[in-house]
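In what follows, every heavy atom counts, from backbone to side chain, and hydrogens, waters and symmetry copies are set aside.
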Amino acid sequence: MKQSTLFGRTLRDAPSDATTPGTQLMLRAAIARPLAAGLYTWLPLGFRVAEKVEQIVREEQNRIGAQEMEMPVLTPAEPWKETGRWESLEPITFRTADHNGREFMVSYTHEEFVHLHAKQEIQSYRQLPAIVYHFQSKGRDEARPRAGLLRVREFVMKDAYTFDADQAGLEKSYEAEHGAYARTFARMGLDAISVESDTGAMGGDVAHEFQVLTEVGEDRIAICTNCDYRANLEKATRKIAPQRSPDAIPAPTPVATPGTTSIEALEKALGLPASAFLKTLLLRTKDGVVAVVLPGDREANEPKQDTHLRDVVPGRDFGGERVDVHDVREGDACPRCGGRLEIKRGVEVGNIFAYGTYYSTKLDATFLAEDGTRRPFVGGSYGIGIGRSVQTIIETHHDERGIIWPPSVAPFHVHLIALPSSDPDVRAKSEALVAALEREHVEVLYDDRDESAGVKFADADLIGIPLRVTVSKRTLKEDKVELKPRARADAELLPQGDAAGRIAAIVRGWPDLPEMGNR
RNA sequence: CGGGGUGUAGCGCAGUUGGCAGCGCGCAGCGUUCGGGACGCUGAGGCCGUGAGUUCAAGUCUCACCACCCCGACCA
């Protein structure tokens with residue numbers, strides 16, 4: 001590929017609204033361009049990366065026996081209505097209707113439809129377990145897209161769906177996907193950790209997110225410094241210190257607190273720490289209004305009342321259901337081992353979710369079991385955001401000059417720089433080397449532009465292809481070419497004659513490369 | 001959805017009390033350069049986000065709207 005014809009130019013300055021380092025580099029290196037808020041176009045360089053990320057995901061799904069298929073972007077309303085999601089997803093989905101008024105949703109996910117297919121294609125327990133997956137665009141009407149490709153309104157997601165005959169089967173499939181995810185992210189150079197996550201409003205039993213810890217992440221993860229407990233803050237809990245015995249505390253007495261409507265004000269007025277207070281929040285839920293009582297130092301809402309009670313002990317002085325609805329913070333005790341919890345930011349690059357028979361019972365998706373009864377499929381779904389993964393790779397693989405792609409996902413293997421490209425000899429030798437490398441299936445971006453050395457090197461550092469090969473008048477004088485890995489500071493000179501072979505050997509030695517075929 | 005910010009050339013920005021719309025980079029042509037974002041000369045490129053209003057005169061003042069970004073809320 002000649003760089004002079006590349007569609008997409010590098011930018012010396014990042015647009016001023018690009019805030020994260022990765023977003024700035026993504027734009028500067030011509031990976032993708034914004035089209036509207038939360039909508040991005042992959043430029044050729046970025047598209048190549050996205051395809052490699054996809055291919056790695058594909059290979060790891062195939063490895064566990066998952067079968068690739070594809071379901072449409074536009075989905076009919078009726079199945080969504082059967083599961084109740086047509087209504088519940090209303091605020092965050094794009095909808096449309098055809099000319100006859102039939103309603104559609106831009107696919108948000110595909111549980112409903114894959115279940116309908118499973119119902120048709122799988123008749124017997126003998127056909128189970130089954131795992132299918134596809135790569136498909138998802139639409140989400142995010143109120144606030146942010147940070148380049150990290151949070152967008154349309155993105156390609158790999159989503160896989162497992163179908164099993166029973167809970168034990170589901171657990172096996174879930175484990176298989178969990179392992180596939182670990183291999184997938186490791187291959188693309190992402191240090192993703194698996195954390196316990198909230199199963200959402202859908203109920204369900206078990207869910208994990210694969211999180212890459214980075215400052216630009218929008219999720220907060222509680223991590224135990226002592227054991228392997230790791231959970232999204234949405235799900236995280238803590239060990240609560242035992243309470244003092246109620247017997248030591250006198251009966252509650254009213255304390256006048258006119259105008260004191262916040263815990264902060266109470267701390268000042270009564271000279272006690274926030275943790276000494278209880279506060280009540282009224283939450284409007286679909287089942288009516290619910291009162292929640294929390295320790296005063298958790299959350300920041302303001303109960304509106306001008307009298308407070310002193311010496312109140314939960315259980316003794318009031319009743320109610322004990323539920324875990326408070327937040328967890330840095331320094332809290334690990335619920336598992338009592339160790340210290342740290343809070344870190346992370347990007348959720350993937351999630352896996354065992355929902356059991358939630359969808360199959362609603363959609364009447366059943367199979368004939370060994371004992372002759374009809375049973376609902378026991379399922380799970382498993383997502384990986386492709387664009388978000390690419391952006392996260394950039395966020396975690398760069399230096400002050402530019403991107404440093406892991407070889408497995410780099411847009412090209414070699415960036416070959418002719419210096420100067422106006423020199424006929426340099427040009428001829430460069431093109432011969434490009435041809436020799438391509439014969440060895442090495443992917444080469446050939447900088448044939450009539451630019452100064454500074455511009456070419458700066459672009460090479462910015463674009464971040466793993467190997468930089470320089471063919472110049474200077475190196476040719478010694479009958480050599482220069483090889484410099486992007487990730488290292490030092491370069492070496494290779495004899496021109498076996499440069500192609502040496503470089504191809506390095507590329508073949510890289511682990512984790514996806515099988516892209518000839519390109 | 002609440003709060004804040006920004007809209008001027010492809011990108012980064014300046015534009016004074018309202019008085020001919022500018023700079024740097026990039027782009028085109030010519031020439032000199034050629035190992036870390038070279039230099040000279042010449043040039044192209046603008047619905048100043050949109051619409052009303054005030055004024056002799058609006059990039060600049062007023063109002064409304066739109067878009068984008070940031071914080072929060074919401075959300076796989």
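Below 30°, between 30° and 60°, or above 60°: for Y382(A) and Y181(A) the angle between ring planes is above 60°, a perpendicular geometry.
C27(B) and G46(B): their C1' atoms are spaced 16 Å apart (whole Å).
For RNA chain B, the neighbouring residues in residues 453-468 of chain A, judged by any heavy atom under 4.0 Å, are A453(A), G454(A), V455(A), F457(A), A458(A), D459(A), D461(A), R468(A). Contact check of residues 14-33 of chain A against RNA chain B (heavy atom, cut-off under 4.0 Å) returns A14(A), P15(A), S16(A), D17(A), T19(A), R28(A).
Between the side chain of K158(A) and the main chain of I386(A), no donor-acceptor pair closer than 3.5 Å is present.
Of the two residues near RNA chain B, R146(A) and E218(A), the one whose nearest nucleotide lies more 5' is R146(A). When each of S472(A) and D219(A) is assigned the nucleotide of RNA chain B bearing its nearest heavy atom, the one mapping closer to the 5' terminus is S472(A).
Nucleic acid contact class of A37(A) (heavy atoms, under 4.0 Å, all strands): sugar-phosphate only. Note on A418(A): nothing from the nucleic acid sits closer than 4.0 angstrom, heavy atoms only.
Side chain of R144(A), nearest nucleotide from G35(B), C70(B), G36(B): C70(B). Distance from the side chain of T470(A) is smallest for G35(B) among the nucleotides A73(B), G35(B), C34(B). For R12(A), taking side-chain heavy atoms from C-beta onward, the closest of the listed nucleotides G37(B), G35(B), C69(B) is G37(B).
Between the CZ atom of R153(A) and the C1' atom of C74(B) there is a distance of 15 Å, given to the nearest Å.
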